[in-house]
Structures are given as C-alpha cells and as structure tokens.
Amino acid sequence: MKQKLQQALRSSLDRLKKSKQLSFQLPEEIQIEYTRSPEFGDFASNIALVLAKQLQVKPHELAQWIIEALSAEEWLEKVEVAGPGFINFYLSSDTQNQVVADVLKETENYGRKDIGKGQRVHIEYVSANPTGPLHVGHGRSAAYGAAVSDILQATGFNVHREYYINDVGRQMDILAISVWLRYLDACGEEFDFPRNGYKGDYIREIAVELKSHYGDRFHRIAEEVFNGVPKDATSEDQEKQKEAHTDAIVVRAKELLGDDYKIVHQFGLNIILADIKEDLAEFGVHYQTWFSEKALSVDGAIDKGIEALRKKGFLYEKEDALWFQSTQFGDEKDRVLRRANGQLTYFASDIAYHWNKLQRGFEVIIDVLGADHHGYVPRVRAAMQALGLEPKAFYAPLVQFAILYRGEKRIQMSTRGGKFVTLRELRNEVGNDATRFFYLMRKSDQHMDFDLELAKSQSNDNPVYYIQYAYARICSVFRQLREKGTLFNQSIGLQSLSSLKESHEQALMNYLSRYPETLSLCALNLEPHHLANYLKELANLFHTYYNAHTFIVDDEALCQARLCLIKAVQQVIKNGFVLLGVSTPEKM
RNA sequence: GCGCCUGUAGCUCAGUGGAUAGAGCGUACGGUUGCGGUCCGUAAGGUCGCAGGUUCAACUCCUGCCAGGCGCACCA
C-alpha cells in the first residue's frame, strides 16, 4: 500500500513539474507513514514539507497542489492537507477490508515476505561454556536467538542456527578437576575444595555418577594430589593465587591420572552438555549444529584461520608473541593470537571458528552475545573484516541480563557463590510461554525487570495470558457457534466485509494490515520485541471489540463478516506466537 | 583514566527526523457487568538527565557535561 501511495505521489509530482514548470530534486524515497490516529487518515506523507524549501513555496500550499494533481484512485477515499503540510490519505473501506481476505487466504504465510532473498545467515547464540547448567541470563539469549532466527527465516533468509561448544581450555580443565575432587571426596579423601573450582551441587552429582560408573579407578590419596601445589588464596579477591592453585591441581591431575584424565574431563562435559541440550530443547530452542571447539583444534583449523590472516598481511611478531592488527579495523589495541609461551589464545580459535563460518559460505554472520562481552565485539568485527566480510554483514547484538523479581522483592544472584537461578528453575516456575514472552517483550540490549509473580498470574495484567486469552476467546466463539448449530461460512463473510463499519472493526483491520511491516521491522533490526508489542496491542484491540459488540448476530452477512474478521485476528496471533515460541491454547 | 550501553509519567516500558511525546499498571471519579475472567469514559501525572549545535521540523542526529550499568589480559 505504501508503494502504491508513493507511486501516486510520484506521478502527481511529475505532472506538477510540467504544469507549473517546477524543478526539484526528489528524495531517494518518498516517505509514507502510518498515522498516529484515525483523525489523520490512514497514511500520511511529509513530501510537501521536504520539498517546500527547494521550491520556495509554503509547505501547505505545495501540499494542496500535489493533491490537486493526484489522479483519482478507487482505493482512495479522500486526501487532505493537515498541520504544517502533511498529506493525509484516507483509504476507501473496501481497501481496508481486503486485509481480512488476505489473512484468511494466506493463513500461516500471512506476513511472510521475501526480504532476505535466500541469503545465508549464520546465527550463533547462547554458546555458554559447558561448565554448568544454563542460568536465566542464557535463557534470555536463547529466547532472543531463537526468535530472531525464526523471524529471519520467515522473512526470506536462509538461517543456520549454531551453538559453539567451548569444550577445551582452562575452564574445562577446572570443571574436570572440580568433578575429580568431588569424586575423591566421595571416596573419603579430606581436603579443602579450591575457591576457584565449580562449587555447584551438580558437580557432586556428576562425581557420584562417575564413581558408580568407574568405581575407585581414579582414586588417589589427597596428600599426593596436593603435593607441591601452591596454597589456595585465603580470600576471594586474590585472583592470581586462586588461579595458580587450580592450575597446579590440573597439572597434578594430568600427571596422576595419565590418559584417564581425558575420561574424567569428557565425563563431566558429556553430562553437562546433555543437560544443556535437553534444557534448550524443552524451551523450544533448536539448533542445526552443535559446533565443537575441540574438533576445530584437532583438524588444524586454527592454523588455517591464522594463515588466512597472515596472507592478508595483518599479523606481526612482537616480544615472541603473534599479534593481529585489529587496530586497523577500529579496535583499541592489537590482540595476541599466540602467546610468548607458545600457547594459542581463545581469540585465535575464535578467529578460526569465524573463518570457518565464512568458508561454509555464510553471507551474514550474527553473534548473539551477553552484554558483559561487549568489549570483545570490536576485535571479532576486526577479524571478520580482515577476513573479507563486509562490515555490515556482521552483527553482534547484545543481550542484557534480566533482573528477577518476586513481586516487589528482587532475587539476588551471584555467579561466584554458585547461587544463580537456572533457566530450568525459571521455566518450571513460570512456564515456557511466559518465560519466552517476558524475555522478548523488552529490547534485548536493555536491562529488564522480570516479575515472576506477574509472569505466573492468570490475569490481564500478564501480557502472555492476555494475548493467549484473546486467542482462546476466539476459539470459544467458534465453539459456541457450533453449539448453536450455526455454520461458519467464509465466502459469505468475505463477500460481506463491507458491512464491517464499526470503528472497532476499522481499527482492527487497519492494525492487521500492519503485521507484515512489523515483521520486516523485527527482521531488519534484529528486534523481536516489536512483534511482542504488536501482539499485545492486537489482543487489546480485539478484547475491546469483543466487549463492544456481539459477533453471533441474526444478520447473517454481518455475522459471517465479523467471524471472518476475528478469525483473521486469531490467525495473526498464531503466526506471531509461532515466531516467538509461545503456544496458543484453544482453551484456558 | 579510556571505551561501549542506558537515562521518557509514581512504577514497568514503547516511540522507523514529523502533527498535541504514548501504552499498561497504579491513583481519583463516573458508567457498564449475560460470547469466558470484562470493558469504556474522564481526570491528575512529563523542563523526554542537563547544556549547546544541525534541521522547515529533534525524545530521535552531532558535541560537551551529569548519573547508572558493563567492559578494559600474552584469561576464556
């Protein structure tokens, strides 16, 4: 519709150019926007305001000329000048009605558009270290990544969802020794558990399982284990000392266990990863690939990634270390890929991983990151550019933590003490639907307050409930219809759409027609919250309508037309919720 | 100290350079309660953090300041 209006304005301006001998430069795009309220019509354009200065004409007067030069269109009811020189368009009601037929015809495809043109998009999200269960912060990333993926897919992109498993490195070693030490504890050994170890109860559970699988195969005497290991820190803030302590234990573990170390290492990883996979699957969050960092290092991909950078000339050696010139691409300092001690940094394997993404032919790369990692973005962006990706084909949307509240009371969380609320706990308490929707309701890169009480409540204050209720209510109307022995007749309804004259009906139809644009907006900005807000407003308009008018009326034509309208509403709620991962129960 | 993000109604938050800055909740009145738990109306409530600048037009873009959050490893 916007395009049609732009076309109409363009030809009107052409005509003016000739008749009034005007010369002016058209802007690239003639702006058409939805009006804020029906009193300004359905659409408005600011074109007269934009051109007024060039032409030295008062905007209001210019707008009048443009309107006079517009050719009559049957889909336009009227066109007016308003305010400082806006041109307001009023669509004829038949044009408005058309949306109902469109929705019912296109059903689950209504709103889908091919703006992606099949571009291959790689989106990586969550990718939490497999050192423990997912917590509520990861949950928000999961909900966000899944919704963005589905929205992009629905708008014509070819989306590949991937989870990068950081299954090597120090954190994993610390996990391994944490499990092992709890295992030794279960074997009756006595010692102080390292401050830097993973202290959660799940570690003990894994240790117990390890013991039941392997008996005391990995049992070593505590004195032997801690022999030569530097003392642990005496307070939490002595980072260096804590790390020295755990690092030494890792070395001892490898010495004492030999090849068995790998078994312990893998055992913990497997259990935690299985838990993460199950958790996400239950949350309705799916991936095409679980990509292992270990696999990357095994097949020499890291060297390939480094080689790729070297060939492009962005590497140099300094003080025995290998550096990447990320400052060439706006990073604040160059970054080390290989340390003086010969070890590769995490960044090196991350470059390899991203190089691998490019090699697989993805044209758009999206890394969903926790907001606390924002400092990491410039160097990854730099690497992607160095490797030849267009800057605008790389996106790193940030996801902020949610602050949990139980009513007024804030729920305190600290990762350090292992005292965090897990995603599973949250889902169990408030349900998948509310968890998903609440996460997506707010712009992802902003802090949000997540009220558990509200999320659980079966009241209209709860937006998820409110929208689901609208859907269920519509289902209920159709059930009621059957009980009354009346049949829903879509073709009669569609032929009678012109009888939908109530302001509520007009408003609903107008809003339904905005759904496709809302989807595009979400897709192009990677912002699913627009869709959540849209659905809330749609439900609101529906409830208002429901309370103002009866659908099942004696006038057959009117009745069927109204049923068509609410059926369209039902369809759009469904389409939107599918993309957000929220269910649409028919009864509540 | 440097960098990034955020500052909009009592609260939670929307707001693609446009018209009188909005919604929900909360507050104060009033009206409706029969498809399902309602909904509707009215009012109060704002120097859009502050100050400049760009523009016909700024909550929106730019600069500076103030406040809050996060990040600043040859860690991952």
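Quick note on labels: first sequence line is chain A, next is B, and so on, each numbered from 1.
- In this structure, the nucleotide among G3(B), U38(B), A73(B) sitting nearest to the side chain of Lys333(A) is A73(B).
- A ring-centre distance under 6.0 Å is found for Tyr353(A) and Tyr164(A).
- A tilted orientation is assigned to the rings of Tyr534(A) and Tyr515(A), their planes being inclined by 30° to 60°.
- Taking atom P on both G34(B) and U12(B), the two are 35 Å apart, rounded to the nearest angstrom.
- Ion pairing of Lys357(A) with Asp367(A) is present here, as a side-chain N (NZ or NE/NH1/NH2) and a carboxylate O approach within less than 4.0 Å.
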Output a table of nitrogen or oxygen pairs between the protein and nucleotides 5-9 of chain B separated by less than 3.5 Å.
none

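- Distance from the side chain of Asn46(A) is smallest to G18(B) among A76(B), G18(B), C35(B).
- One N or O on the side chain of Asn462(A) and one on the backbone of Ser457(A) form a donor-acceptor pair closer than 3.5 Å.
- If you check residues 462-489 of chain A against RNA chain B, the residues with a heavy atom closer than 4.0 Å are Tyr465(A), Tyr466(A), Tyr469(A), Ala472(A), Arg473(A), Ser476(A), Arg479(A), Gln480(A), listed by number.
- The line from CG of Asn46(A) to CZ of Phe86(A) is 6.5 Å long, rounded to the nearest 0.5 Å.
- For Arg379(A), the side-chain atoms get nearest to A76(B) when compared with the rest of G37(B), A76(B), C72(B).
- Here the C1' atom of nucleotide A73(B) and the CZ atom of Phe347(A) are 13 Å apart, to the nearest Å.
- Residues of residues 162-174 of chain A having a heavy atom closer than 4.0 Å to RNA chain B, listed by number: Val168(A), Arg170(A), Gln171(A).
- Nearest to the side chain of Asp372(A), among G37(B), G15(B), G71(B), sits G71(B).
- Phe324(A) does not carry Arg379(A) over the face of its six-membered ring by the limits of under 6.0 Å from the centre and within 45° of the normal.
- The same atom, C1', is picked in U60(B) and in G26(B); the two are 29 Å apart, to the nearest Å.
- Both the sub-6.0 Å distance and the 45° axial angle are not jointly satisfied by Lys536(A) relative to the ring of Tyr466(A).
- G17(B) and U6(B) have their P atoms separated by 15 Å, given to the nearest Å.
- In this entry the distance linking CG of Leu454(A) with P of G26(B) reads 11 Å, nearest Å.
- Distance check on atom C1': C62(B) versus U54(B) gives 7 Å, rounded to whole Å.
- The side chain of His447(A) sits closest to G69(B) out of G69(B), G37(B), C56(B).
- Proximity of the aromatic rings of Tyr125(A) and Tyr144(A) is defined here by a centroid distance below 6.0 angstrom, and this criterion is not met.
- Rounded to an integer number of Å, the gap from CD of Gln343(A) to C1' of C74(B) is 10 Å.
- Comparing U20(B) with C59(B), their C1' atoms are spaced 15 Å from each other, to the whole Å.
- A perpendicular orientation is assigned to the rings of Phe551(A) and Tyr546(A), their planes being inclined by more than 60° (bins at 30° and 60°).
- A distance below 6.0 Å separates the ring centres of His135(A) and Phe401(A).
- By the 4.5 Å heavy-atom criterion applied to side chains, Ile165(A) and Leu273(A) are counted as neighbours.
- Between the CH2 atom of Trp323(A) and the C1' atom of C74(B) there is a distance of 6 Å, rounded to whole Å.
- When Watson-Crick and G-U wobble pairs are counted only if both distances are under 3.5 Å, U32(B) pairs with no nucleotide at all.
- G1(B) and A44(B) have their P atoms separated by 45 Å, with the value rounded to a whole Å.
- Following rounding to the nearest Å, His530(A) (NE2) and C13(B) (C1') show an atom-to-atom distance of 13 Å.
- Nearest nucleotide to the side chain of Asp461(A), out of C25(B), C74(B), A76(B): C25(B).
- Toward the 5′ end of RNA chain B lies the nearest nucleotide of His529(A), the other residue of the pair Tyr545(A) and His529(A) mapping further downstream.
- The partner of C70(B) is G3(B), by the rule that a Watson-Crick or G-U pair needs both atom distances under 3.5 Å.
- Distance from the side chain of His374(A) is smallest to G3(B) among A76(B), C74(B), G3(B).
- Counting only heavy atoms from C-beta on, Asn460(A) has its side chain closest to C39(B) among A14(B), G18(B), C39(B).
- Minimum atom distance to the side chain of Glu332(A) is reached by C72(B), of the listed G37(B), C72(B), A76(B).
- Here, C48(B) and A21(B) have their C1' atoms 7 Å apart, quoted to the whole Å.
- Base pairing of C61(B): its partner is G53(B), meeting the Watson-Crick or G-U wobble criterion (both donor-acceptor distances under 3.5 Å).
- Rounded to whole angstrom, the span from the CG atom of Leu535(A) across to the P atom of G24(B) amounts to 17 Å.
- Look at the C1' atom in both U16(B) and C61(B): the space between them is 14 Å, to the nearest Å.
- Of the candidates U16(B), A76(B), U12(B), U16(B) carries the atom nearest the Glu33(A) side chain, counting heavy atoms from C-beta on.
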